Amino acid sequence: MLRETDRFVRFHFPELSIRGAWVHLDESYRALCTGRNYPAAVSHMLGELASMTTLMAGQLKHPGRLTFQTRDPGPINLLVMDCTDKLGLRGMAQWHPEYLSQLQDPKMSCLNGQNGDEQSRLVMTLDAHQFSTPWQSHVPLVGQSLAEAFAHYLVQSEQQPTELYLAANGQQAAGLFLQKMPGADEADEDGWNRLCHLFGTLTDAELLSLDPSDLLTRLFPEELISLAPGQPVHHAGERNWDKVRDMLRSLGQPEVESILKEHGAVVINDDLSNLEYRFSAADIAAIFAQPSGTGTAAGPTLH
């Protein structure tokens, strides 16, 4: 039997009024890191954030895009990850080069740095089709790990007890989420405590190596569990040349040609999608000889 990779699966315990979700990322996670030269701690933390964002985006009830951003005065100062309701992932990290040697340790604790009084923040943005403007939430980044920070955030925002486990090893990333629903105590007054005790025995190796059915059966052997059909997860790094050409046209031919003269080529980096667009002199001439396409000017960063 082939393992489920790049998959998101929801499940619930029908006798306990407790729900959960599982995600495992392979190629989609590696695509986030390709060519970035992230130190081990950075790539691991990015994988954990990718898992967390997918766990939440997979439960969106309407079409849209969910974005999480962490800002911290410590070694990893910025993490950004977004995921659509179709489970397309994009993301990036920024880190301080002076911490390079420490960041080579994948187990380094990177949150709540002590380099100043700046408060660590977690920002969630939901851009859903039913909203006229994106909805945004700013909360303190509480905890020494992303799992602790997001478990605290979910308990505060949803007012429901939550357990969360995130893991990444540079090649794979995964997450497991449990949440106590209203009526759980009436269904089984000891059910949530029993599951939390078993949840606490979970290891990185189990989460990263086992399919959801095998993992949940091993973790909760005495419980009745119902799994929903899985959904595929992918890296949303699709190129959009028309969008980038229209952005160059919006800058104007004189400015683009001055960049071309200075650097010999025009290079545009789309950091979230981990893509590079490169234009030669002939490419630039062709762009300004043609009418605009249908793309928009937002997104990439010009170098």
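Please read all numbers here as calculations on a predicted model, not as lab measurements.
If you look at F150 and F68, their ring centroids are closer than 6.0 Å.
In this structure, the side chain of S17 engages the main chain of P182 through a donor-acceptor pair within 3.5 Å. Under a 3.5 Å cut-off, the side chain of D72 and the backbone N or O of G74 do form a donor-acceptor pair. T201 places a side-chain N or O within 3.5 Å of a backbone atom of L198 that can act as its donor or acceptor partner. Proximity of a side-chain donor or acceptor of D6 to a complementary backbone N or O of E27 within less than 3.5 Å is detected. When atom types are taken as modelled, the side chain of Y38 and the backbone of H44 share no donor-acceptor pair closer than 3.5 angstrom. Here the side chain of R278 pairs no donor or acceptor atom with the backbone of V267 at under 3.5 angstrom. Side-chain atoms of E206 come within 3.5 Å of backbone atoms of T203 as a donor-acceptor pair (strictly under, hydrogens ignored). Although no hydrogens or angles enter the test, the distance criterion places no donor-acceptor pair under 3.5 Å between the side chain of S28 and the main chain of H234. The backbone N or O of Q172 sits less than 3.5 Å from a side-chain atom of N169, completing a donor-acceptor pair. Q159 places a side-chain N or O within 3.5 Å of a backbone atom of Q156 that can act as its donor or acceptor partner.
Taking the side chain as every heavy atom from C-beta outward, H24 and D26 approach each other to under 4.5 Å. Looking only at side-chain heavy atoms (C-beta outward), P75 and Q102 stay at 4.5 Å or farther from each other. Side-chain contact between D127 and T67 is absent, with no heavy atoms from C-beta onward closer than 4.5 Å. Within the 4.5 Å cutoff, no side-chain heavy atoms of R71 are placed close to those of S120. In this structure, the side chains of C83 and R65 stay at 4.5 Å or more apart for every pair of heavy atoms. Residues Q104 and L100 have side chains in contact (heavy-atom distance under 4.5 Å, counting atoms from C-beta outward).
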Please walk me through it: do Q160 and R19 pass side-chain hydrogen bond (donor to acceptor under 3.5 Å, both in side chains)? CA-CA 11 Å; Q160 297 293 338; R19 67 170 183 156; over 6 Å; no

Which is it for E223 and R194 under the salt bridge (Lys or Arg N to Asp or Glu O under 4.0 Å) test, yes or no, and what are the steps along the way? CA-CA 10 Å; E223 308 295 344; R194 188 168 65 248; 2.7 Å; yes

After noting the C-alpha distance and the side-chain angles of D185 and K180, does the key distance pass the salt bridge (Lys or Arg N to Asp or Glu O under 4.0 Å) rule? CA-CA 9 Å; D185 290 337; K180 181 181 180 181; 2.9 Å; yes

CA sep, side-chain torsions, deciding dist, call: E15, D188, side chain to side chain contact (heavy atoms under 4.5 Å, CB included): CA-CA 8 Å; E15 297 178 339; D188 185 331; over 6 Å; no

Would you sort out whether T217 and I225 count as a side chain to side chain contact (heavy atoms under 4.5 Å, CB included), showing the intermediate values? CA-CA 8 Å; T217 300; I225 307 170; 5.5 Å; no

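Atom CD of Q69 is surrounded by more than 12 heavy atoms from other residues, nucleotides or ligands within 6.0 Å. Residue R36 places its CZ atom among more than 12 non-hydrogen atoms of other residues, nucleotides or ligands, all under 6.0 Å distant. Around CG of D190, the count of heavy atoms belonging to other residues, nucleotides or ligands within 6.0 Å exceeds 12. In E98, the CD atom is crowded: over 12 heavy atoms of neighbouring residues, nucleotides or ligands sit closer than 6.0 Å.
Of the inter-residue distances, the one linking L178 atom CG with W22 atom CH2 reads 14.5 Å to the nearest 0.5 angstrom. Summarising the geometry, atom CG belonging to L195 is positioned 5.0 Å from atom CD1 belonging to I18; distances are rounded to the nearest 0.5 Å. Between the CZ atom in F279 and the CD1 atom in I287 there is a gap of 4.5 Å [rounded to 0.5 Å]. In this structure, L146 CG and Y153 OH are separated by 14.0 Å, a value rounded to the nearest 0.5 Å. The distance from the CG atom of L248 to the CD atom of Q253 is 11.0 Å, given to the nearest 0.5 Å. Taken from CG in L227 to CZ in R10, the straight-line distance is 11.5 Å, to the nearest 0.5 Å.
Sorted by first then second residue, the side chain to side chain donor-acceptor pair (under 3.5 Å) pairs that include residues 83-92, not counting sequence neighbours, are D82-R90.
Side chains of D283 and S280: a donor-acceptor N/O pair is present below 3.5 angstrom, by distance only. Between the side chains of Y165 and D204, at least one donor N or O lies within less than 3.5 Å of an accepting N or O.
Note on L164: it does not cluster hydrophobically with M181, by side-chain heavy-atom contacts below 4.5 Å among ILVMFWY residues. L154 and L60 fall within the same hydrophobic cluster, where Ile, Leu, Val, Met, Phe, Trp and Tyr residues are linked whenever their side-chain heavy atoms come under 4.5 Å apart, directly or through other members. Hydrophobic clustering keeps V123 apart from W135 (ILVMFWY residues linked when any side-chain heavy atoms are closer than 4.5 Å, directly or through intermediates). Clustering ILVMFWY residues whenever any of their side-chain heavy atoms sit less than 4.5 angstrom apart, transitively, puts V155 in a cluster other than the one holding M56.
The two atoms that bring G91 and L32 nearest to each other are N-CD2, 3.5 Å, heavy atoms only. Heavy atoms only, all atoms of each residue included: A57 and L66 are closest at N-CD2, 3.7 Å. The heavy-atom pair separating I76 from A41 by the smallest distance is CD1-O, 4.0 Å. Among all heavy-atom pairs drawn from V23 and S51, the shortest one is CG1-O, 3.6 Å. W192 and T162 get closest at one heavy-atom pair: CZ2-N, 3.9 Å. For F8 against A21, the heavy-atom pair with the smallest separation is CE1-CB, 3.7 Å.
By the 30° and 60° cut-offs, the orientation of the rings of F13 relative to F11 is perpendicular.
Of the options H263, E257, E262, a side-chain contact (heavy atoms from CB on, under 4.5 Å) to I259 is made by H263 and by none of the others.
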